[in-house]
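Chain A is the first sequence line, chain B the second, and so forth, proteins listed ahead of strands; every chain is numbered from 1.
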Number of protein chains: 2
Amino acid sequence: MSDRCNFSHWLALEGLRATPVRLAVLEILGEALRALRAQEILELIRTRRRVNKVTVYRILEDFTRRGMVRKLSLEGRVNHFELACEHHPPHPHFQCQTCREVQCLEPVALNQMWTELRGPVGNRADHIDIKVEGLCHKCRDMA
Amino acid sequence: MSDRCNFSHWLALEGLRATPVRLAVLEILGEALRALRAQEILELIRTRRRVNKVTVYRILEDFTRRGMVRKLSLEGRVNHFELACEHHPPHPHFQCQTCREVQCLEPVALNQMWTELRGPVGNRADHIDIKVEGLCHKCRDMA
DNA sequence: CTCGAAAATCAACTGAGTTGCAAGTATATT
DNA sequence: AATATACTTGCAACTCAGTTGATTTTCGAG
Ligand SMILES: [Mn+2]
Ligand SMILES: [Mn+2]
Ligand SMILES: [Zn+2]
Ligand SMILES: [Zn+2]
């Protein structure tokens, strides 16, 4: 996906050491074609090395706070994560009601909606999450 | 909010008995000016009567399945609920990053975006959730 | 090499939501 | 009314993604 990102350099810019676990998290998210759950990331890292889940959770939380990663609250209890590098601008997501799989959709222009979405005067709107729910083509074929 | 809803009648239409707990859930959601967490609903019911949390969770889950209530996954782990009666069409929500409070926004027209949001051909899009994150006017005044 | 800070680990915890089953209550049948 | 049946509620124990705090390991500066 984002072959153009130099993760070590990115970490340095953030003042973070390029540790193996941090790099693994970024590489896995960079290769993913969809947003991943923390547990999926953990399991993928474990195919290469021994890691504690707390380490991965803390790294994901830290990356999210720094804006390097986006945390998606698509359904209760399980968060999904995706890279928030310059090559992955924010975009809507599709989630299938049957298999719960998540797809990334193309970015959409919100120009005219943006003003309506601010809500009561005085609110500062920082970003907009769009989630589409339905039945994915795979589950549709099965039915 | 939805004084025009006859909850007993609505339950009858769904083939459900108008039990005190079901009515309490609907009345509380009907009076609410924002989406409520399950725990808030539980506490509000408990100001009137003794209830077990499982009962409330089961009722909320059932109402959600029937489309009488919308479950919002605004942030991990805690769901918010709101009435999905004819007087409350779907609409976007605003959540403050500081106080985590949720506001209901006015419905927006998605006509032109709807087609873009279907994703890969074959997907069936059923509904769209829009969440705006930012800083609410109250938290803004404090800073 | 030495030492302090950053990073990773471990075990124990949290808490929203769930499960299975027993007990209670309304409704239909006789 | 009495009984059978289905629906509803309660209770206790559980799940599991995520968190916390304390301890150990690793790394880089001096
Ligand atoms: Mn995405
Ligand atoms: Mn709302
Ligand atoms: Zn699917
Ligand atoms: Zn606020």
For this session: Check the distance between C/dA16's P and B/E40's CD and give it to me in whole angstrom.
Result: 11 Å
For this session: Please report, rounded to the nearest Å, how far the C1' atom of D/dA17 is from the CZ atom of B/R77.
Result: 7 Å
With respect to the phosphate group of [N], does any side-chain polar atom (N or O) of [X] fall under 4.0 Å of OP1 or OP2?
X     : N      : value
B/T19 : C/dA26 : no
B/R22 : D/dT8  : yes
A/Y57 : D/dT19 : no
A/N79 : D/dG18 : yes

State whether a side-chain donor-acceptor pair under 3.5 Å links [X] with [Y].
X     : Y     : result
B/H91 : B/E82 : yes
A/N79 : B/E75 : no
B/E14 : B/H9  : no

Exercise. Does B/R17 make a side-chain donor-acceptor contact with the base of C/dG24, cut-off 3.5 Å?
Worked result: no
Problem set entry | Derivation and outcome, salt bridge (Lys or Arg N to Asp or Glu O under 4.0 Å), residues B/R124 and B/D126 | CA-CA 6 Å; B/R124 187 194 72 204; B/D126 288 336; 3.0 Å; yes
Exercise. Going by number, which of residues 60-76 of chain A have a non-hydrogen atom under 4.0 Å from DNA chain D?
Worked result: none
For this session: Enumerate the residues from residues 46-55 of chain A whose closest heavy atom to DNA chain D is under 4.0 Å, giving them by residue number; use none for an empty result.
Result: A/K53, A/V54
Exercise. Checking salt bridge (Lys or Arg N to Asp or Glu O under 4.0 Å) for the pair A/E40/A/R34: CA distance, chi angles, key distance, verdict?
Worked result: CA-CA 11 Å; A/E40 292 178 301; A/R34 58 175 178 85; 2.9 Å; yes
Problem set entry | Selected nucleotide, minimal atom distance to A/R58 side chain, candidates C/dA16, C/dC10, D/dT9 |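 Selected nucleotide: C/dC10.
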